[in-house]
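Report on one structure; see the data block that follows.
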Amino acid sequence: MNNDCTLNGRTILVVGGLCWGFALAHVESIADSTLFGLVAFSASTVFLIMYGRRLWLSESTAREIERRNQELESVRQAVEQHCLISMVDANRRFIYVNDSFLAATGYSREELLGQDPIEFQNDTRPGLPGEIQEYLTAGKHWTGEIKIRCKDGSSLWTHTTIYPRVDRSGKFLGSISIRTDISATKLAVAEREAMSILTKLHDNVYIFEPETYRFTFMNESAMRRHGWDRDTYLNKTVVDTDPNFDRNRFGYFVAPLLDGSAEEVFTKAHLADGPHEISVQLIRPESGAISFVAVFRNVSEKIEVERIKDEFISTVSHELRSPTTSIKGALGLLLSGAVAEIPPKAKNLVEIAHRNADRLVLLVNDILDLEKITAGRMEFDLQTSDLHELIVEAIEVNKEFGNRFDVGFRFDGLEEPAHATFDSLRMMQVLTNLLSNAAKFSKPGGEVVVSLHQESENYRIDVRDFGAGIAEEDLSKIFERFSQANNHTERSGKGTGLGLSIVKAIMKKHNGTVCVESKLGIGSTFSLGLPMAAAPSTESTQVA
Amino acid sequence: MSGTMSDNLIPPLKVLHVEDDEDTREIAAIALGLSNEVELLQCASGEEALSKAPDFGPDVILLDVMMPNMSGPEVLKRLKDNPELARVPVIFMTARAQPSEIESLISIGANSVIVKPFEPMELLSKIISGMECPL
C-alpha cells in the first residue's frame, strides 16, 4: 500500500512537472492569456496540489500503520509470554508451538511438531476431543480446562481456548489453541480445600516452628482443647500447652525428624479426655519455612474395640478348652488300647485325630498366651538364675522330642554359671520352642547345636540347626502372628504360626532380644540375648 | 453317679469328682475305672457334691473351678466349713493355670491343681502325687 502511494505520487509529480514546464515554456502565451497557456498552468497546479496532498496522506497513513503494528507486536509479545500457544493442522497434528509452551512443558519443538496433542494430555475425558472437533468444524470456539502431561510426568493445568482456522472459502485448516497455566490456582484451591478439611478434622492438628515452637496453625478441635482462638494461639508456643512440657525430652523425641533418619515419630499420652496417639512430622514446603506438624488422635474407642476383641478371643479360646479336653482325652484313651483293641487302620485314623487335637490344644494355648502377653496379663516371675543350667535342662526335656525326629541336641559353649534375670518357666517355653522347631526342620540323623556366650553386657544363646533354612523374604516376617515360613514339610508338620511371636514377646518382657540368621539349604541360627545379672539373688519380682 | 468297687484287700482310693461337663466326667470315669484301686463318685454340680460327700467319705476330691451356680472355690469353702470333710485333700482341675491363678487356689486350701486338658492315662498318678505332695 505504501509502495502504491509512492508510485501514484511519482506519476503525479512527473505529469505535474511536465505540465508546469510546458506552462513556463509558453509563459508568454500565459501572459497573453491564451487559453492553452491557462489550461496548462491550471492543470499543472492541480496536479501539484494533488501530489502534495497524496504525499501528505501516505505519510500519515504509514505513521498510523506503524503505530498500530507496534501495538500489535506488544500484544503479540505479551500473549506469547503469558500464553501457551499452539496450532494444529486439519489432521490435528502440531504445526506450531510457541516458546512459552516449550518452557512450561519441558518438551522440545521437535518432540511436539507432527504429534497429536491428545498424546500429551492427562486424564482427558474420552469424548472430549470429539466434542471440541464438533465446535471447531461448526466454526465455533471451545473453552475449558485441559491437563497437559509435561515431559517430567507432572501435570500442567491449563485454561484453554481453541479457535478454528479457516481459509477465505471457509475450508477448515485446523485450529489455534491459547492456554493459560492455572496449575498454581488449582494447587491453591486444593490447598484451601485440604486446609478446610484439616480445620474440621476430629483429630487435633498443630503446626509450629521448629526453633521457637511457636504455633502457626491449629485446627478447630485443637483450639477447643485449649480454649484458644486464632489470635491467641499465634502468640503461644508448644510449651504453653502443658505446664510439664520438657523441652529436652521433646528435642530427643523429634531428633530423628531433624536428622532425616525418620519421616514420622510416634508416642502415646494420657490426656484428660482419654488415651491419645501422637504423631509428629517435619514438613518442608517448596516455599516457606519448615514446620512441625503434630496430630493428636484420641484412641479410647480403638482401645475399647481392641479390649472387646481380646476378650472375645479369650472367651472363645477358654470355651474351646472344654471340648478339646474331651476330644483329646477320649482319643488318648482309645489310643492307649486300655479300653479296647482298635483295628490297625482305625488306629491310624484315631492317631490323626489325636495329633490334630494336640495341635488344636497348642493353638488355643498359644492364642491365650499371646493374648495374655499383649494385654499385660501374663505373669513373669523374674529371678536371677543360671542360664547354663536352664539350657542343659531344656536339652534334657526336649531330648525325647528330638529323638522322634532322629535329631540330637548338643551343648557347646560356656560351661560355667551364667547369671541372668529371667522367669524360668517362660524361658524354658522359649528354648523348647526353638529346640522343637530346630528338630522339626533338621534332616534325620542331624544335630542341633545350642551354645552360650558372653557378649559385652549380655549373654547370647544360639540354637543352630543344619536343616532346610528359611528363605530371605520370609525372614522378616517369621516373628509376626500367624506367619509361617513357607518351608514346612510332612516331617515338620504345620505349627500354629504363633510360637515365634510368643518367643519374641517373652524376650521383650525380659528386656532381651531374639533374631535369626538363615540360609536356604544350609540351616538357621536363632539367637537370644539376655542382659547379664550382676549377682545371683533370691529376690523375685512380679511383672505383668 | 457311677462307681467302681475294688476287689482288692487294700481299700480303694475313694475319689469324688465334681465336674459340670458330662464328656469330661465320662473320660475321667473311664480313665480312673481302668484301675481297680479307685472307687469313684461323680457329681455334676457343687450342690450335688456337698450333699453326697458326707456319705461317700472321699479320700480325695477332684474339683472343677468354673461351674454354674456354685464355683469350685465356693464348694471348697463349704467343704472346709464342714468338720467331716475339712481335712479331705482337694485337687482343682482347671484350664486357667497361670502362676497367680494356681497360687490363689492353693491359698484358699487346695492341695494341688491338675491342668486341663489332662492326659487320661496320667490322671490317677497326678491325683496321687497331688495328694501326697501338696504345693
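Chain A is the first sequence line, chain B the second, and so forth, proteins listed ahead of strands; every chain is numbered from 1.
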Seminar exercise, completed: Looking only at heavy atoms, the pair that brings Ile27(B) and Ala330(A) closest together is CD1-N, 3.5 Å
Exercise. CD of Glu74(B): more than 12 outside heavy atoms within 6.0 angstrom?
Worked result: yes
Exercise. For the residue pair Val361(A) and Pro117(B), what are the closest heavy atoms and their distance?
Worked result: CG1-CG, 3.6 Å
Problem set entry | Asp23(B)/Thr325(A) under side chain to side chain contact (heavy atoms under 4.5 Å, CB included): CA gap, chis, key distance, verdict | CA-CA 9 Å; Asp23(B) 291 339; Thr325(A) 300; over 6 Å; no
Exercise. So, for Pro120(B) and Gly329(A), which heavy atoms are closest and what is the spacing to 0.1 Å?
Worked result: CG-O, 3.1 Å
Exercise. Does a sphere of radius 6.0 Å around NZ in Lys399(A) hold more than 12 heavy atoms from other residues, nucleotides or ligands, not counting ones at 6.0 Å or beyond?
Worked result: no
Exercise. If you measure from CD on Glu122(B) to OG on Ser336(A), what distance do you get to the nearest 0.5 Å?
Worked result: 11.5 Å
Exercise. So does Lys347(A) have more than 12 non-hydrogen atoms from other groups sitting under 6.0 Å from NZ?
Worked result: no
Exercise. Do other residues, nucleotides or ligands put more than 12 heavy atoms under 6.0 Å from Glu389(A) CD?
Worked result: no
